[in-house]
Amino acid sequence: MRTLPHWADVVLIPLISLLLAGLLSALVVLAIGENPWAAFKLMVEGSLMRSAGWGYTLYYATNFIFTGLAVAIAFHARLFNIGGEGQAIVAGLGVALVCLYIPWPHWSIALVGATVAAGLFGALWAFIPAYLQAERGSHIVITTIMFNFIAAALLNYVLVNLLRPTGAMDPASGPFPDATNLPTFQAMFSTAETPLFRGAPANVTFFLALLACVLVWLLIWRTKLGYEIRSFGQSETAANYAGIHPKRTIVIAMLISGALAGLMSINTTMGEAERLVLNSVEGAGFIGIAVALMGRNHPFGVLLAALLFGFLYQGGAELALWTDIPRELIVVIQALVIMFTGALDNMVRMPLESLFAMMRRGNT
Amino acid sequence: MAASNTQPPAIELRGISKAFGPVQANKDISISVRPGSIHGIIGENGAGKSTLMSILYGFYKADKGEVWINGTKTDIPDSQAAIASGIGMVFQHFKLVENFTVLENIVLGAEDGGLLRPSLAKARGELEHLAKEYELNVDPDAVTENLSVGHQQRVEILKALYRQAQILILDEPTGVLTPSEADQLFRILDRLRSEGKTIVLITHKLREIMEYTDTVSVMRRGEMTATVKTAETNPEHLAELMVGRKVLLRVDKTPAQPGKPILEVEKLRVVDGNGVERVKGIDLTVRAGEIVGIAGVAGNGQSELLEVLGGMRPGEGTVRLNGKELPLTGSGSDGRARRAVHIAHVPEDRHREALIMNFSAWENAVFGYHHDARWTSGPFIKNAAILEEAHQMMGRFDVRPPNPRLAAKSFSGGNQQKIVLAREIERNPDLLMIGQPTRGVDIGAIEFIHQQIVALRDQGKAILLVSVELEEILSLADRVAVMFDGHIMGERDAAATDERELGLLMAGVTGEDAA
């Protein structure tokens, strides 16, 4: 029984959830003796009012778009891929390898190579849990979580023992060759008179993320494969009836998911750090879950949610910089947003449903 | 509602209304049931029968209206209160603990004190008494899961009687029974009535209403359209009251003219995931232009037979279609491969197999055929073309509302089935397999669905029909095969057999035994 109109489901509920999260966060800020309105203004100013702020917001958003899409596509096959973190870590290794060991003539070709490598490495890391789920029935949530830890340990080992330049103390690879450095927004949009995005890490990968949104949308709603993935996700028994192979669908959906999660490492590794460092993923794989949840597993929703979380990340950093609000509290605010938009969905949905039902009865 | 009757009605509902969100499940319903009678409630799916009985049993609270039991206004906030007022309910799906004994199940929830033994001893004595009084014989020490379905149902009735029920509500009690088990059930109900108990029988089977009830209420779309004395009505009239228009109850068809064999099955065996042999080597032939019906109580291998032929599970043996052998295991044996050789399959479980309930009707209109060149170009799917086709298809099969953008779940059972039938029939298959064509389908749609099946037969197609409704098999099929415990017990010409003979075969009694 569907009682909510579509627009209310995709627009109203997230907005109300967001508002509630904002209110509760304001109370928390108030409780530690800061002015919530001033804090909010600071967040907006620091992340949306200056081009450099935007440069950070979009940089974070790029990561979240990729990981959000990864969670979304897996979720269409009713697979809960919470291994985006590990898939991105391993993909970072792939990006580093092709950047360090292949002499690229130009960044654009290097970007293509890095995309292939990141996709392949991410997909590879998703393949093992996918295979285990398909063939042995090992639960994908458990295996992908464990693979996050394995990936982190693997990266640690590779950085310390293999990629670290001799003599360096830092567990990181050497810098990538200049030819692989991606153009930043600063380089792309600044003119001599008006410097834009100064010092911000946003780079050309953002457009790759936008392209990924379009491609994922096409895949899910315009292709046979997307139709099969969605069918399988909705009903495994019906998929079996239609001759859709469950094992194959699980593996393919997870490969695509892993590849998408992997692509975020281009942004952090090739775009920002320009070398492989230990903590480049920084929880973006997990934020992707909240992004997909809030974006209703639709690429456009994922884009919007990723922008929101980019804003929260950058605004949070500004808060930590300029106020006495501790860094931990900013994580609390982010967590409140996740909780309200994701976990507490029904808290908003149910009263709204009865409200709409009442209005409808009033009309007839 | 004879005024001269001095006894107050056992059940009287006055102006009961209940809404679920925007859906009005019960609208101002009033009935009165005389004590010591069998009162039938008949209506299509979603007419509000179960809601009404759930209100009476305390599962739902009515928005408006009053319940009177034996002449006193009674408040029934929960099932405990219902039991206390002497109401017992036998659900369609039994509420028994499978690995408990009969006695334990009967005592469960009605124990006296903290110790179990005295309760069990008391129950044993009571049970013997009940068994004698109503001929309800069940071994009190048998483990429930080892009992036949008919006996499990008796345990449910005994449970109610043990709790001093004077009023017994039975929800679709014969859905899972063989014909002879159903006969026994009605003998028991008859006996209970003669002992003064009041029985409310919810069913969609007109025959049961006509044969066993004293009065009958008809429900349609949440309203009580009529309450009549059964002796003063007839099935056609009841059907008309249920649907709101005249309905043809008999299937109108000419004798079959079977042609060459289309489907040939030899020594087919099916072993399920738990290693249990479900189909134990059966032979079956379906010819062009005939409808072969497989009768049997649910769970005797019919489902597995259809699933193997439809590519949903592996099997062993030989299956030929148009003389060409089909693989029964491996990658060439899936649903897609079966569709490629022109086998269409309307599976038994519409909700879990035939349709994706959250997909719109147009997306469901090509489900399983989504690789067809008509609807794809390269890896892409031509949504607009499918939408257009679905729209026309829904028009041809009279699907209501004819809106292909609506989700499958928002259609009624009958209209969902029409979507599935349209999809499968319009592929112009050589063999159409249909499992439970009218399960959960309203009477009005049954008529249409039967006509479509017969029309396909008349085009010279082979049709394999599986149904647990004997009436449906007898009226639709040209030839009937009866399955019991994974075997085909016998084949009969549909015109030359009857429910009694098939009923014996369904219970595993072959002609030689019966003679």
Side-chain angles (χ1 to χ4, degrees), chain A residues 1-6 8-9 75-78 137 214-249 252 256 296-298 349-364, chain B residues 19-25 306-307 310-313 331-340 343 345-359 363-364 366-373 375-384 386 405-410 420 423-424 435:
Chain A
M1 207 186 335
R2 188 193 186 115
T3 46
L4 274 189
H6 192 58
D9 184 37
F75 202 79
H76 278 287
R78 193 140 298 175
V214 177
L215 291 180
V216 167
W217 177 81
L218 270 176
L219 171 74
I220 296 177
W221 279 286
R222 289 292 183 274
T223 66
K224 284 186 278 189
L225 179 61
Y227 182 87
E228 295 203 334
I229 286 177
R230 284 186 297 129
S231 303
F232 173 78
Q234 289 286 338
S235 168
E236 205 174 327
T237 46
N240 179 41
Y241 158 76
I244 296 167
H245 290 238
K247 292 176 184 176
R248 219 189 61 195
T249 312
I252 290 178
I256 297 171
R296 296 286 185 270
N297 300 309
H298 190 289
R349 182 182 299 275
M350 282 172 168
L352 213 57
E353 273 179 359
S354 34
L355 186 74
F356 270 91
M358 260 165 59
M359 277 162 49
R360 214 166 299 165
R361 226 173 302 152
N363 285 340
T364 50
Chain B
F20 296 101
V23 180
Q24 191 76 34
L306 279 197
E307 283 169 9
M312 293 169 69
R313 61 160 77 228
S331 59
S333 69
D334 62 8
R336 199 177 153 187
R338 293 292 195 266
R339 287 175 181 85
I343 295 180
H345 181 192
V346 177
E348 295 186 317
D349 193 330
R350 197 157 52 234
H351 295 97
R352 293 179 65 243
E353 292 164 354
L355 293 169
I356 304 250
M357 300 312 278
N358 285 327
F359 277 15
E363 284 175 296
N364 274 302
V366 294
F367 190 55
Y369 299 98
H370 53 278
H371 289 279
D372 262 29
W375 291 314
T376 55
S377 71
F380 294 102
I381 255 179
K382 294 193 221 159
N383 287 1
I386 299 172
R405 289 182 195 275
L406 279 183
K409 65 180 172 196
S410 42
V420 180
R423 177 180 79 205
E424 301 301 327

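Order of the sequence lines fixes the chain letters, A, B, ..., with proteins taken first and strands second; residue numbering starts at 1 for each chain. Note: hydrogens, waters and symmetry copies are ignored here, and every other heavy atom, side chains too, is used.
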* To do: Against chain A, work out which of B:Glu353, B:Arg336, B:His351 has the most heavy-atom pairs shorter than 4.5 Å and name it.
  => B:Glu353

* To do: With sequence neighbours excluded, tell me which residues meet salt bridge (charged side-chain N to carboxylate O under 4.0 Å, His left out) with B:Arg313.
  => B:Glu307

* Structure fact -> Under 4.5 Å to a heavy atom of chain A? For B:Arg338 that would be neither

* If you count heavy-atom pairs under 4.5 Å between each of B:Ser410, B:Gly311, B:Gly310, B:Gly335 and chain A, which one has the most? -> B:Gly335

* To do: Take atom CZ of B:Arg352 as the centre, draw a 6.0 Å sphere, and report whether it contains more than 12 heavy atoms from other residues, nucleotides or ligands.
  => no

* Asked: By a 4.5 Å heavy-atom criterion (distance strictly below it), what part of A:Leu219 contacts chain B: side chain, backbone, both, or neither?
  -> neither

* **cation_pi(B:Arg339, B:Tyr369) dist<6.0 Å, angle<=45** => yes

* **Any side-chain donor near an acceptor of the partner, A:His76 and A:Asn297, under 3.5 Å** => no

* Structure fact -> Greatest number of non-hydrogen atom pairs under 4.5 angstrom with chain A, of B:Gly368, B:Pro379, B:Ala407, falls to B:Pro379

* With a 4.5 angstrom heavy-atom cut-off, which part of B:Phe359 approaches chain A: side chain, backbone, both or neither? -> side chain

* Trace of the side-chain contact (heavy atoms from CB on, under 4.5 Å) decision for B:His370 with B:Thr376 -> CA-CA 7 Å; B:His370 53 278; B:Thr376 55; 5.9 Å; no

* Asked: Considering only heavy atoms, which portion of A:Glu228 lies under 4.5 Å from any heavy atom of chain B: side chain, backbone, both, or neither?
  -> side chain

* Would you please classify the geometry between the B:His345 ring and the A:Tyr241 ring as parallel, tilted or perpendicular, with 30° and 60° separating the classes? => perpendicular

